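Notes for the one structure printed next.
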Amino acid sequence: LLIGIGIQALAEYNLQKSETDGNILSVEYKRDRIPGNLGFDPLGLGKGPGSNIKGLHNTEVNAGRLAMIGITSFLFKEFVVKDPSIAQKIL
């Protein structure tokens, strides 16, 4: 996890370093840049004819939301509802 965060921070730093305003802490707005797009596309899904970067991004966000709902329901069932009779009434 820490290695992944470090790689992402290094990629963001390299993008900031390439800016021409002289301030490494400021972010220049570029219309062609999508937040979180660091150029890592090993399967080439975002290149070529018919590629839909915005659609892929929305799909990824929605999958993350579903994962958060799933883990929340699991944790609720595992740690909050410990009595089987209560769990049967709620769920």
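Any value given below was found using the heavy atoms of this structure, including those in side chains, with hydrogens, waters and symmetry copies removed. All values derive from a computational prediction rather than experimental measurement.
To the nearest 0.5 angstrom, Thr72 atom OG1 is 7.5 Å from Ile69 atom CD1. The line from CD1 of Ile7 to CG of Leu2 is 11.0 Å long, rounded to the nearest 0.5 Å.
In this structure, Ile71 shares a hydrophobic cluster with Phe74, Leu75, Phe79, the cluster being traced through Ile, Leu, Val, Met, Phe, Trp and Tyr side chains under 4.5 angstrom apart. Val61 forms part of no hydrophobic cluster, judged by ILVMFWY side-chain heavy-atom separations under 4.5 Å. Leu1 belongs to a hydrophobic cluster whose other members, connected by ILVMFWY side-chain contacts under 4.5 Å either directly or through intermediates, are Ile5.
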